[in-house]
Amino acid sequence: MNLELSNDYWLKVAKNRVANGITIPAIGKGKKVVVEYSSPNTNKPLHLGHIRNNVLGFSYCEILAANGYDVVKNNLVNDRGIHICKSMIAWQKWGNGETPESSGLKGDHLVGKYYVEFEKKFQLEYADWLQTSQGLAQLEIFKTSNEAKKYIQEGTEIGKAFKSEYKNNYFNNHSAIGAEVKTTLQKWEDGDEAVIALWKKMNGWVYNGFDATYKRLGVSFDKIYYESDTYLLGKTMVQEGLASGAFFTKDDGSVWIDLTDDGLDKKIVQRADGTSVYITQDIGTADLKYSDFKMDKFIYVVGNEQDYHFKVLQLILKKLNKPYADGLYHLSYGMVDLPEGKMKSREGTVVDADELMDEVVITARKQTEELGKTEGMSTQELTDLYETLGMGALKYYLLKVDAKKRMMYDPKESIDFQGNTAPFIQYTYTRINSILRAAKETGKDITYVTPMTLAAEEKDLIVLMNSYPIAVNAAANNYNPSEIANAVYELAKAFNKFYHEHVILGVEDEDVRGFRLALSQAVGDTIKHGFSLLGIGVPQRM
RNA sequence: GGUUCCAUAGCUCAACCGGAUAGAGCAACGGUUUUCUAAACCGUAGGUUCCAGGUUCGAGUCCUGGUGGGAUCACCA
């Protein structure tokens, strides 16, 4: 089959498109979806990896909504646990009462500073201990273990191997500040007033900081769960599982599920002391979500290092015969690497979210000033423009790549506004906008007229716009905003070619002019629509 | 080591779930502005789609094996 569609056909398509606007087939009509994304820890500020998560999660929610789904944007804040207690202890010991106000530091950064401080002090304490007779004795014991033999075979230096291998053990059994942290966590769980007050104060600082970052990223949530409220959930479901035989009890009283028939392992769901583990909370929270929303699907936007975890979670829910188990989907995205390699907090190569946003916006300002096309714009308009361009560049850079894939963040490339970038597409939009503005000012008609002929560049625009709604459907079905980024980019590129080859506003023939103006307007609408699904704005001028 | 994901131009990524001559951007080189914004447009160069087999009329795409890399394999979250 090899048929070429006639110009008449495409002109009909164009006419419908102009008359009806953008119509996305509502493939999600009547279906409710809860999308969990962001899910930060409150002990550290956000970094580049979190930006990918947030931008991806928000964009995907917009895409679902555009497809007719009823969407609940959901954040689960990890606000309790051992890591927050570390920040608290460090702040108490070495903080001298420092606050965001007194230091001028953004709250999340201030708390992060003390988390780092704790780790530093802990490392020192640990290094000292390793030299004590006790530490050396443990090293000797380690040397005879099977673990150690593996390291020796690999050629890893045995002292080093021991240091990383024994770290948790040291923290739990020997460390002085480790003990303080654990005591603090215990007190928190017992509801100790002083500890709770400090926890609330420091989390409050973090939330203020996160709010600012979220606002700048343009993301938002309909429902926020806090782990401090949900961490005890799941215990009743452990009982359910025991009753139904899905779970079993070991001699020490701990509760497990055997997933070996499904190619996985045995997994603990409750400790011998009756406390729950991470996955237990997730089981409980899934159930809470279902009772809150009765959703058809629930999606977790979480990095691919948790692939195994979500496989286990879904399987457990199935074994518990939960009706919603099949609706679970892990939107597993790849890590963001830097040109120097992986981001590692220990080596200080983590790209801070706030700093990064500042940088790209500053770059947008510099570029814009260099080009000098913004005469007559107010200070406020300029500030908004730089923000739209810089944040657009950053978000687009992260969204144009297939969500599933690991990607490379090259700072140099991300602030280069040529080619396949948001500013390129935004520029295309402003070109269209300025033509339409001029048309209005000179009283030229923008109404669609079917022309006698159709140029190749015009047809390309129609073809691309015609496939846009399909791309929006595909982005939802494939959990992949990049399909929209690509569609919009292709369209912008085609428009620039059209713009270069054909005069639009200056055409004598009123019909041709009307057609081209209407076509241009439709392209502009499509760009704007697509970008809004990516959470990116478009400027009027640039 | 077990499980799992990945490998496409010098670099970063596409390729509409198996279709025709594998496409963009960046980087390199050359060109385009008295005409609606040159953050643009056009051209040149750049490929044994990691390797070896297999399935198929047809494979970057599916299967097997290998090589290289990531993730994971906690009574952490």
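Remember, predicted model here, so these are calculated numbers, not experimental data. Per chain, numbering begins at 1; letters A, B, ... match sequence-line order.
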Next item on the list: Taking atom types as modelled, find out whether A:Asn304 and A:His330 have a side-chain donor-acceptor pair closer than 3.5 angstrom.
Entry: no
Check: Between B:G25 and B:U67, how far is it from one C1' atom to the other, in whole Å?
Finding: 30 Å
Item checked: Residue of the set A:Leu232, A:Val238, A:Thr275, A:Thr285 for which side-chain contact (heavy atoms from CB on, under 4.5 Å) holds with A:Thr280 -> A:Val238
Notebook entry, point to check: Do the ring planes of A:His529 and A:Tyr468 sit parallel (below 30°), tilted (30 to 60°) or perpendicular (above 60°)?
Noted result: perpendicular
Checklist line | Candidates B:A77, B:A14, B:G25 - which lies nearest the side chain of A:Arg271 | finding: B:A77
Notebook entry, point to check: How close or far is atom P of B:C42 from atom CD of A:Gln418, stated in whole angstroms?
Noted result: 15 Å
Next item on the list: Using whole Å, report how far CG of A:Asp410 lies from P of B:A27.
Entry: 12 Å
Notebook entry, point to check: For A:Lys404 and A:Asn478, which heavy atoms make the closest approach, and how far apart are they?
Noted result: NZ-O, 4.3 Å
Note to self: With rounding to the closest Å, how many angstrom separate the P atoms on B:G68 and B:C50?
What the structure shows: 16 Å
Next item on the list: Could you tell me whether a side-chain N or O of A:Tyr499 sits under 3.5 Å from a main-chain N or O of A:Thr428, the two making a donor and an acceptor?
Entry: no
Margin query: Any base atoms under 4.0 Å from A:Lys400, or only sugar-phosphate, or nothing? Heavy atoms, all strands.
Written below: nothing
Check: A:Arg406 has an atom CZ; how far is it from atom P of B:U72, in whole Å?
Finding: 12 Å
Margin query: Whole angstroms only, please: what is the CD-P distance between A:Gln540 and B:U37?
Written below: 14 Å
Check: Using a cut-off of less than 4.0 Å, is there contact between a side-chain N or O of A:Gln270 and OP1 or OP2 of B:C75?
Finding: no
Next item on the list: Go through B:A14, B:C41, B:C36 for me and flag the one nearest to the A:Leu505 side chain.
Entry: B:C36
Check: From B:C13, B:C41, B:U72, pick the nucleotide closest to the side chain of A:Lys497?
Finding: B:C41
Note to self: Tell me the closest heavy-atom pair linking A:Arg80 and A:Leu185, and the distance in Å.
What the structure shows: NH1-CD1, 4.3 Å
Notebook entry, point to check: A:Leu389 near the nucleic acid: base, sugar-phosphate alone, or nothing, with a heavy-atom cut-off under 4.0 Å?
Noted result: base
Item checked: side chain to side chain donor-acceptor pair (under 3.5 Å) against A:Gln239, all qualifying residues, sequence neighbours excluded -> none
Checklist line | Which nucleotide in B:U12, B:U37, B:A74 has an atom nearest any side-chain atom of A:Asn168 | finding: B:A74
Checklist line | Spacing of A:Asn173 atom CG relative to B:C75 atom C1', expressed in whole Å | finding: 13 Å
Notebook entry, point to check: What is the minimum heavy-atom distance between A:Lys44 and A:Phe210, and which atoms define it?
Noted result: O-CZ, 3.6 Å
Kindly give the atom pairs (protein nitrogen or oxygen, nucleotide nitrogen or oxygen) under 3.5 Å for nucleotides 1-6 of chain B.
none

Note to self: Determine whether a donor-acceptor pair (N or O, by modelled atom type, separation under 3.5 Å) exists between the side chain of A:Asp262 and the backbone of A:Leu315.
What the structure shows: no
Check: Are A:Tyr329 and A:Tyr479 an aromatic pair by the rule of ring centers under 6.0 Å?
Finding: yes
Notebook entry, point to check: A:Tyr489 side chain: which of B:C36, B:U37, B:A24 is closest?
Noted result: B:A24
Notebook entry, point to check: Which nucleotide, B:A40, B:G69, B:A74, lies nearest any side-chain atom of A:Phe424?
Noted result: B:A40
Notebook entry, point to check: Which whole-number value in Å describes the distance from A:Asn420 CG to B:A27 C1'?
Noted result: 16 Å
Next item on the list: Would you indicate, yes or no, if B:U37 has its OP1 or OP2 atom less than 4.0 angstrom from a side-chain nitrogen or oxygen of A:Arg437?
Entry: no
Next item on the list: Measure from the side chain of A:Lys493, starting at C-beta and using heavy atoms only, and say which of B:C26, B:A24, B:C75 lies closest.
Entry: B:A24
Margin query: In this structure, how many angstroms lie between the C1' atom of B:A38 and the CD atom of A:Glu501, rounded?
Written below: 15 Å
Margin query: Quick check for you: among B:U37, B:A14, B:C13, whose closest atom lies nearest to any side-chain atom of A:Tyr499?
Written below: B:U37
Margin query: As a test of reading the structure: which of B:U37, B:U12, B:A14 is closest to the side chain of A:Met408, going by heavy atoms?
Written below: B:U12
Note to self: Measuring from the side chain of A:Asn41 (C-beta onward, heavy atoms only), which nucleotide among B:A77, B:C36, B:U32 has the closest atom?
What the structure shows: B:A77
Item checked: Watson-Crick or G-U pairs under 3.5 Å in RNA chain B, rendered as dot-bracket with [ ] for crossing pairs and | for another strand -> (((((((..((((.....[...)))).(((((.......))))).....(((((..]....))))))))))))....
Next item on the list: Kindly say whether the aromatic ring centers of A:Tyr429 and A:Tyr427 come within a distance under 6.0 Å.
Entry: no
Margin query: I need the CD-C1' distance between A:Glu305 and B:C73, as an integer number of Å.
Written below: 14 Å
